[in-house]
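What you see below is based on every heavy atom in this structure, not just the backbone, and it leaves out hydrogens, waters and symmetry mates. Because the structure is a prediction, the values reported are computed rather than measured. Count residues from 1 along the sequence.
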Amino acid sequence: MIEGRLVALLHHLAEHDIVPLHSLMLMRQSAFMSELAGVHYAQSWALVHFLRHGPDETARDLFAD
């Protein structure tokens, strides 16, 4: 599953822009679940993965809280 999200995100990035983080966080459910739902899920997964496992210890601690 994780690999699928990463592949979907990389494939989309090769041909398109990603949604700005601010827009992704404020996106209505109907927009999130549009024909780009797979990309939105992949981008959301990448953000969570970065916050949990990224190099910034403060971000990891805040995410854990």
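Gln43 has its side chain within reach of Val19: a pair of non-hydrogen atoms, C-beta onward, lies under 4.5 Å apart.
Atoms CG and CG, from Asp61 and Asp56 in turn, are 9.0 Å apart once rounded to the nearest 0.5 Å. Atom CD1 of Ile18 is separated from atom CG of Leu47 by 10.0 Å, given to the nearest 0.5 angstrom. Separating the NE2 atom in His40 from the CD atom in Glu35 is a distance of 8.0 Å, to the nearest 0.5 Å. With values rounded to the nearest 0.5 angstrom, Met27 atom CE is found 7.0 Å from Ser34 atom OG. The line from CG of Asp65 to CZ of Arg60 is 13.0 Å long, rounded to the nearest 0.5 Å.
Taking hydrophobic clusters as Ile, Leu, Val, Met, Phe, Trp and Tyr residues chained together by side-chain heavy-atom distances below 4.5 Å, Val39 does not share a cluster with Met25. The cluster map of Ile, Leu, Val, Met, Phe, Trp and Tyr, joined by side-chain heavy atoms under 4.5 Å apart, puts Leu26 and Leu24 in different clusters. Linking Ile, Leu, Val, Met, Phe, Trp and Tyr residues whenever their side-chain heavy atoms come within less than 4.5 Å places Leu51 and Val48 in a single cluster.
The aromatic rings of Tyr41 and Phe32 lie perpendicular to each other, with more than 60° between the two planes, well past the 30° mark.
With sequence neighbours excluded, the residues that form a ring pair (Phe, Tyr, Trp, His ring centres under 6.0 Å) with His53 are His49.
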